[in-house]
Protein chains: 2
Amino acid sequence: MATMNDVAREAGVSLSTVSYVLSGKRTISEETRLAVQDAIRKLNYSPHSGARALASNRSNVLGLMAPLRADVNVSVVMQFVAAVVTTARTYNQDVLLLTQDDAGGLERVTSQSMVDGLLMMDIEARDPRIPLLAKLRKPAVLIGLPDDPQGLSCVDFDFAGASRTAVRHLVELNHRSIGFIGSPQASLERHATYADRARKGFSEACEAAGVASVLRACEATVPALAEALDALINNDGRTPVTSLVVHNEGLLPLLHEALASRGLRIPEDISVVAIAPEDVALAAARPWTAVSIPAHDIGRAAVEMVMDRLNSDKPVEVRLIVPKLVQRETTSAR
Amino acid sequence: MATMNDVAREAGVSLSTVSYVLSGKRTISEETRLAVQDAIRKLNYSPHSGARALASNRSNVLGLMAPLRADVNVSVVMQFVAAVVTTARTYNQDVLLLTQDDAGGLERVTSQSMVDGLLMMDIEARDPRIPLLAKLRKPAVLIGLPDDPQGLSCVDFDFAGASRTAVRHLVELNHRSIGFIGSPQASLERHATYADRARKGFSEACEAAGVASVLRACEATVPALAEALDALINNDGRTPVTSLVVHNEGLLPLLHEALASRGLRIPEDISVVAIAPEDVALAAARPWTAVSIPAHDIGRAAVEMVMDRLNSDKPVEVRLIVPKLVQRETTSAR
DNA sequence: TCGAAGACCCGAAGCGCTTCGACTGCCCTG
DNA sequence: CAGGGCAGTCGAAGCGCTTCGGGTCTTCGA
């Protein structure tokens with residue numbers, strides 16, 4: 001491996017000149033710059049990240065703590081991660097992957113100066129990692145919205161707003177009784193904030209509009225779905241719901257069949273609005289009317305926010321991504 | 001941040017002594033070792049990874065190139081990644097995440113000495129990244145089995161064997177006509193080796209056993225599944241299949257309903273063997289008889305193999321993980 | 001015509017660690 | 001009792017980079 005010294009010798013300049021050519025932090029004449037760049041190409045030089053990190057106190061690596069387990073929506077997580085990695089590259093940063101349960105991981109990678117900043121996904125309402133993160137004195141961004149961010153930046157989809165938007169859409173179509181099928185009970189119990197907020201938004205919007213509402217948590221399995229649907233359709237003897245808001249990506253592929261087998265046609269008998277990533281909403285035979293979760297945008301925003309805090313000293317911010325509903329084939333007026 | 005110098009001063013020893021306490025590469029008296037460890041605790045010292053990388057030529061980071069896109073089986077990928085990260089930690093390594101389409105990524109992270117070794121997932125038969133990897137002169141392990149590993153280590157599940165095992169099981173149950181529902185056409189077209197090998201093993205085993213076989217590629221959507229099933233059941237006028245081998249995790253949640261709506265009960269009318277991760281096989285209302293894909297074991301093996309090559313100079317190896325079938329409720333004798 | 005202001009480049013001092021060679025006692029052997 | 005060997009420690013030389021503080025040489029306005 002060629003070093004900067006080799007490059008300097010090859011180009012007939014000093015070490016520091018090469019460094020300044022690379023960093024652009026001082027003016028260099030066109031001529032020497034070209035000479036240095038030639039030498040770099042010729043020797044196939046690339047800087048040693050360790051040395052650079054040592055001297056500059058910057059590693060060009062972001063830490064990303066992601067939930068690598070089955071009980072979250074895997075494909076959404078994947079989209080986030082992909083967005084984060086891709087965006088990070090545009091800032092010339094790489095991504096170090098930490099798992100949720102690696103408790104000491106945050107502490108370790110920062111105290112060893114392995115990362116310049118941290119991103120944390122799958123935030124719970126009172127996430128125990130937040131105080132840890134807060135005292136690490138590294139730029140950090142939470143992907144999710146806890147009760148108390150403790151001075152950390154946050155970015156997330158406005159799940160409450162998404163539910164409200166979905167409800168508003170259905171109300172405009174004259175639905176007066178709306179069911180909500182949400183995340184699994186487990187997500188609620190650990191207070192994953194997206195689950196809580198989507199429910200809350202739904203309830204509030206229904207109340208505000210004066211329409212009847214029923215909520216069910218549901219796992220992404222056929223029997224769980226069956227049970228939830230039966231409950232919503234019976235609705236304890238009250239009028240059955242005429243429409244559904246579904247915030248559970250894993251369920252969507254199962255939903256069409258499940259309703260069909262109950263003699264319910266979409267949208268003639270029942271309208272459905274999904275809250276899901278766009279590709280999931282579009283994957284169905286009959287694409288879902290949906291409020292799409294822009295995982296990619298959120299991931300990108302998260303990286304932008306750490307980098308802002310790293311480069312300039314932009315203040316901490318809390319950013320909510322505005323929901324947008326696209327009407328497709330699964331909702332109709334009543 | 002405390003440095004090693006601070007520790008040395010605090011403990012009243014020299015810099016190098018602290019280093020040797022940490023690395024254990026020279027004998028140190030019990031007494032000074034304790035003193036140093038006390039100082040480390042007291043100052044809350046942890047070594048600067050950049051400095052360490054610079055001096056020791058080791059970064060303690062492994063690069064993992066993973067397919068972060070929708071057209072692979074996301075949950076399997078996730079399991080691999082989780083296994084890799086977790087196992088890496090037991091070797092005191094962290095994991096840097098590279099995306100498949102970051103072409104220069106491999107080159108970059110090695111030439112900048114960011115990683116000690118590389119893992120690459122989702123290998124295609126004649127993967128263009130293999131020659132690149134091969135000339136990087138870093139320990140590397142392919143998770144997958146290409147036509148020509150070019151001197152790189154490989155580890156993968158024995159998908160051909162998995163199909164054979166599934167077929168053997170069905171043949172023992174007196175099935176004489178077996179259908180195969182596999183990965184999407186797209187996977188076949190880019191020659192993802194797991195798809196190819198599973199198909200090949202299936203065909204061979206059927207031929208060897210003298211039973212009729214039909215193969216279909218299939219995407220994980222309801223309509224695609226419907227089409228595939230209709231084709232297998234009609235079977236061009238020949239006898240309909242009495243059993244299925246399904247190598248497509250995304251399809252499993254849809255399969256039960258799809259068969260039921262065609263009046264086919266599992267296993268009375270049709271037996272089904274899944275080739276899928278165990279948790280997927282178990283997630284169904286009626287757990288699938290399955291050859292399980294031990295994503296976790298494979299991920300772990302991959303890390304072990306890089307670390308072996310890194311620490312000792314163990315030779316390159318190609319390791320295939322042996323398939324195991326567990327009979328559950330979806331197969332029965334005919 | 002002269003000093004100030006740039007433009008451009010170099011040298012050297014670190015950054016925090018690993019590791020090699022050397023030094024000091026001490027114990028053990030012959 | 002001399003000498004070798006070993007356990008235990010230290011000093012110093014890097015590892016490859018960034019950055020600060022000068023230099024030198026032009027250029028330009030007064």
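Letters A, B, ... mirror the listed sequences (proteins, then strands); counts begin at 1.
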Check whether any side-chain heavy atom of B/N60 lies under 4.5 Å from a side-chain heavy atom of B/D116, and answer yes or no.
yes
Does anything in residues 81-92 of chain B pair up under side chain to side chain donor-acceptor pair (under 3.5 Å), and if so which pairs, sequence neighbours excluded?
none
When you measure from every atom of DNA chain D, which of residues 25-38 of chain A have a heavy atom less than 4.0 Å away?
A/K25, A/R26
Walking along DNA chain C from 5' to 3', note the first and the last nucleotide with an atom under 4.0 Å from a heavy atom of chain B, and give both.
C/dG16 to C/dA22
If you take any heavy atom closer than 4.0 Å to DNA chain D, which residues from residues 54-63 of chain A end up in contact?
A/L54, A/A55, A/S56
Check against side chain to side chain contact (heavy atoms under 4.5 Å, CB included), A/L320 and A/D156:
CA-CA 5 Å; A/L320 276 190; A/D156 203 0; 4.1 Å; yes
Is there a side-chain contact between B/M65 and B/R129 (heavy atoms, below 4.5 Å)?
yes
With rounding to the nearest 0.5 Å, note down the distance linking CG in B/L15 to CZ in B/R9.
9.5 Å
Pairwise distance CG(B/D122) to CD(B/Q100) - rounded to 0.5 angstrom:
5.0 Å
Evaluate side chain to side chain contact (heavy atoms under 4.5 Å, CB included) for B/S46 paired with A/R108, printing each intermediate quantity in order.
CA-CA 8 Å; B/S46 55; A/R108 184 171 45 83; over 6 Å; no
Name each donor-acceptor pair under 3.5 Å that joins a side chain in residues 134-153 of chain A to protein atoms two or more places apart or in another chain, with its distance.
from, atom 1, to, atom 2, distance (Å)
A/K138, NZ, A/V115, O, 3.1
A/D148, OD1, A/Q150, N, 2.8
A/S153, OG, A/E317, N, 3.3

Test applied, side chain to side chain contact (heavy atoms under 4.5 Å, CB included); reference residue, B/V109; option that passes from B/D102, B/L96, B/L62
B/L96
Name every residue in residues 3-17 of chain A that has at least one heavy atom under 4.0 Å from any atom of DNA chain D, in order of residue number, or write none if there are no such residues.
A/T3, A/M4, A/S16
Got more than 12 heavy atoms from elsewhere within 6.0 Å of CZ, B/R190?
yes
Are side-chain heavy atoms of B/V95 and B/V81 found at a separation under 4.5 Å?
no
In terms of heavy-atom contacts, does CG of A/N57 have more than 12 from other residues, nucleotides or ligands at under 6.0 Å?
no
